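Worksheet for the structure shown next.
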Amino acid sequence: MIIVGVDGSVAARAAVEWAAKDAFRMRVPLRLVHAVNRSPYQISKFPNAAMPDALLREGQRILREAEALVRERQPTVEVGTRDIEGAPAEVLREQAADATEVVVGGRGRGGFAGALLGSVSMHVAGHLRCPVVVVRAEHRPTYGEVVVGVDDSPECEPALAYAFEQAKLRDSALRVLHAWQVPVHAFASEASYDMDEVRTAQHQSVSDRLAVFSRDYPEVRLVEEVQSADPVDALTDASERADLLVVGSHGRGALGSMVLGSVSRGVLSYACCPVAVVRA
């Protein structure tokens with residue numbers, strides 16, 4: 001099942017459309033979730049006692065519109081709705097217990113609002129066992145390419161697995177991008193670094209990791225790319241020509257910034273296309 005957060009914003013509408021297409025490709029049900037946080041309106045300094053009920057009615061309206069959009073765009077997808085009281089990030093984390101993936105919009109309003117890396121994105125991406133996809137509101141052409149960022153650690157394998165499956169479902173090429181930076185000590189006068197040797201070793205590391213996946217996904221056309229560059233810059237540039245950008249998250253720590261890591265945070269802040277964060 002795919003869970004998508006809705007709040008009536010343009011970005012949430014884009015997230016619903018994206019999730020509906022993915023549900024169709026995966027052949028799984030779709031659940032539309034709206035979070036209603038009534039607690040601020042139940043304290044004495046807010047005199048409007050009718051406001052909580054108005055929020056509930058608005059949430060139901062938002063869900064009806066989102067459901068109608070799914071039935072219009074993907075009529076064969078099984079879709080259900082949930083209007084749940086609570087903080088948006090907490091609601092999504094609870095709903096994700098049985099989810100294949102969770103989808104949220106960037107630059108929304110209300111419950112699922114904020115910049116692409118807003119409070120909900122920060123407290124959902126990397127915290128869940130399933131992939132979390134953050135979708136921008138802007139409409140973009142289809143490029144026929146999925147991009148995944150990798151490094152030389154085994155933690156990137158879940159992201160690779162998700163990216164290969166997405167490329168297969170979309171009949172798209174998969175660009176595997178490994179961006180690495182020269183260690184500072186490599187520039188020390190007493191250090192002896194053969195950059196060609198380092199570059200070859202980096203490329204071999206990526207190729208070895210891909211070999212296993214390539215056997216399972218022979219239909220996916222691979223484009224291997226190794227760059228000596230800042231990973232966030234390289235992935236952001238690649239996102240300009242991608243339909244989806246996939247990055248890994250180590251999933252450690254209690255704070256969102258610690259869970260996401262610098263690369264995931266940077267990519268979520270600047271990427272041009274939808275971003276999937278896959279926890280290791």
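Computed over heavy atoms, backbone and side chain alike; hydrogens, waters and symmetry mates excluded. Note that this is a predicted model, so its numbers are computed, not measured.
When atom types are taken as modelled, the side chain of Ser239 and the backbone of Ala242 share no donor-acceptor pair closer than 3.5 angstrom. Distance alone, capped at 3.5 Å, is enough to place a donor-acceptor pair between the Ser264 side chain and the Gly248 backbone. The backbone N or O of Arg136 lies less than 3.5 Å from no partner atom in the side chain of Arg140, so there is not a single donor-acceptor pair. At least one donor-acceptor pair closer than 3.5 Å links the side chain of Asp243 to the backbone N or O of Glu145.
In this structure, Asp22 and Val103 have side chains that are not in contact, with every pair of non-hydrogen atoms separated by 4.5 Å or more. Val277 is listed as a side-chain neighbour of Leu268, based on a closest heavy-atom distance under 4.5 Å. Contact annotation: the side chain of Leu169 approaches that of Met26 to within less than 4.5 Å [non-hydrogen atoms, C-beta and beyond]. Between Leu222 and Phe164 there is a side-chain heavy-atom pair separated by less than 4.5 Å. A heavy-atom distance below 4.5 Å is not found between the side chains of Thr81 and Arg31. Using a 4.5 Å heavy-atom cutoff, the side chains of Met1 and Val28 are not in contact. Using a 4.5 Å heavy-atom threshold, the side chains of Val147 and Val246 count as separate.
Summarising the geometry of Leu235 relative to Val263, their closest heavy-atom pair is CD1-CG1, 3.9 Å, with the distance given to 0.1 Å. Listed here is the closest heavy atom pair of Ala35 and Ala87: CB-C, 4.5 Å. Nearest heavy atoms, Ala19 versus Leu30: CB-CD1, 3.8 Å. Between Ala167 and Ala173 the shortest heavy-atom distance is CB-O, 4.4 Å. Closest non-hydrogen pair, Ala96 versus Val102, comes out as CB-CG2, 3.7 Å. Considering every non-hydrogen atom in both Ala276 and Val133, the closest pair reads CB-CG2, 3.9 Å.
Annotation: the span from Glu67 atom CD to Glu72 atom CD amounts to 13.0 Å, rounded to 0.5 Å. To the nearest 0.5 Å, atoms CG (Leu69) and CD (Gln74) are separated by 9.5 Å. Taking CD1 of Ile62 as the start and CZ of Arg57 as the end, the distance is 13.0 Å to the nearest 0.5 Å. Leu160 CG to Tyr217 OH: the interatomic distance, rounded to the nearest 0.5 Å, is 10.5 Å. Put simply, CG on Leu174 and CG on Leu210 are 8.0 Å apart, with the number rounded to the nearest 0.5 Å. Here the CZ-OG1 distance, from Arg27 to Thr100, works out to 14.5 Å after rounding to the nearest 0.5 Å.
Annotation for Arg129: atom CZ does not count as buried by contact number, only 12 or fewer foreign heavy atoms lying within 6.0 Å. Shown here is Asp171, whose CG atom has no more than 12 heavy atoms of other residues, nucleotides or ligands within 6.0 Å. Glu224 CD: more than 12 foreign heavy atoms inside a 6.0 Å radius. For Phe24, the CZ atom is loosely surrounded, since the number of other residues' heavy atoms within 6.0 Å does not exceed 12.
When only modelled atom types and interatomic distance are considered, Arg170 and Gln166 share a side-chain donor-acceptor pair under 3.5 Å. For the residue pair Gln60 / Glu58, no side-chain donor-acceptor distance below 3.5 Å is found, with atom types taken as modelled. With no hydrogens or angles considered, a side-chain donor-acceptor pair links Glu101 and Tyr162 at under 3.5 Å.
For the pair Lys21 and Glu17, the salt-bridge criterion is not met [side-chain N within less than 4.0 Å of a carboxylate O].
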Decide side chain to side chain contact (heavy atoms under 4.5 Å, CB included) for Val104 and Leu92; before the verdict, give the C-alpha distance in whole Å, the side-chain angles of both, and the deciding distance to 0.1 Å. CA-CA 9 Å; Val104 294; Leu92 284 177; 3.5 Å; yes
Derivation of the side chain to side chain contact (heavy atoms under 4.5 Å, CB included) call for Leu177 and Val150: CA-CA 6 Å; Leu177 178 58; Val150 300; over 6 Å; no
Decide yes or no on side chain to side chain contact (heavy atoms under 4.5 Å, CB included) for Arg175 and Val148, but give the supporting numbers first. CA-CA 6 Å; Arg175 182 176 298 275; Val148 58; over 6 Å; no
Apply side chain to side chain contact (heavy atoms under 4.5 Å, CB included) to residues Arg82 and His34 and explain how you reach the verdict. CA-CA 6 Å; Arg82 296 281 179 88; His34 179 261; over 6 Å; no
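In this structure, Val176 is not a member of the same hydrophobic cluster as Tyr143, with clusters built from ILVMFWY side-chain heavy atoms closer than 4.5 Å.
For Arg221, there are no salt bridge (Lys or Arg N to Asp or Glu O under 4.0 Å) partners, not counting sequence neighbours.
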